[in-house]
Amino acid sequence: VITEEELEKYVRAGRIAKAALEYGVGIVRSRRRVTLLELAEMIERKIVELGGRPAFPCNIGVNEVAAHYTPLGGEEHYLPEEGLVKIDVGVHVDGYIADTAVTVPLSSEYSEIVEVNREVLEKMIGAVRVGVRVGELGRIAEETAKKHGYLTIANLTGHLVDRYNLHAGKHIPNVWQFLSPRIERFEVYAIEPFLTFGDASGYVKEIRGNVRIYSISRIKREKDRRLEQLRREIMARYNKLPFTPRWLASEYGEDAYRGVEELYRRGALRGYPVLVERNGRPVSQFEHTVVIYGDEVIVTTA
Ligand code: MN
Ligand code: MN
């Protein structure tokens, strides 16, 4: 069950995520010359300003980069003048998470895919109710996209959300799925259809070795005293939510990157490699978080 008090925190997180995302979209649309790093940090600062905490590092996916890309310290990639820019924002209030994303088309050739993607998410949300199979939402996504000549990405899904747990087990597929589980009362889901072009593969692949986002994967003491100190610091700051070494660099400098890499190598952290469309085709994404409050469906990020 989700209590009224918990619902209130989900709703607060949703409002903050929506505002921070709109703030980011405004910067992208203004076509100001900013780096991805500046944009991510401005959005993350906005979240804190509004009384939330980032539930994961701000993701900025340009073109074929579908997910898990957050800028690192010292990087100087600028927002592109053309293409698709995805901003994916996570906020938590006391561990209660909102996860939301939009895509900004920076050239007219991409305005249609973005509009269709918006429609796909709307239709999926419109079909959310207690008892519906999640595969039905996938079927709606796939068919709506296909009707306009687009593909949904088959190996990226929405996900169940729980307190301090961004990926809590159940998935919302973006393609039809046989005998899938049903949506139940008092569940929270992030629903996030990704679209790509008809000539794309419709799948993403990992860029091995390009890891920018991590999370605690096991609770076990490290023998190395300093690494153990870093592991505890990560646990205290982020619990099991995803984080980036960029956030630790203000305190630990360059050592933050080395230390996190070492904890990852030792299995204390799991890493999320950058995901790109297999054929290198541009990818669009929209995402909202919905709370199933009894029989009521509340979109916290709308
Ligand atoms: Mn997201
Ligand atoms: Mn998500």
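The figures that follow rest on heavy atoms only: side chains count, while hydrogens, waters and symmetry mates do not. Just follow the structure's listing: the first ligand is 1, and inside any ligand the first atom is 1.
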- Qualifying residues under side chain to side chain contact (heavy atoms under 4.5 Å, CB included), relative to Ala19, sequence neighbours excluded: Leu50

Pairing of [X] and [Y] as salt bridge, 4.0 angstrom limit:
X      : Y      : result
Glu75  : Arg246 : no
Glu254 : Arg258 : no
Lys46  : Glu49  : yes
Arg265 : Glu262 : yes

- Could you label the plane-to-plane angle of the Phe243 and Tyr238 rings as parallel, tilted or perpendicular, counting under 30° as parallel and over 60° as perpendicular?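 Correct class here is parallel.
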
- Note on the structure: The protein N, O or S atoms lying under 2.8 Å from the Mn ion (ligand 2) are Asp99 OD2, His159 NE2, Glu192 OE2, Glu287 OE2

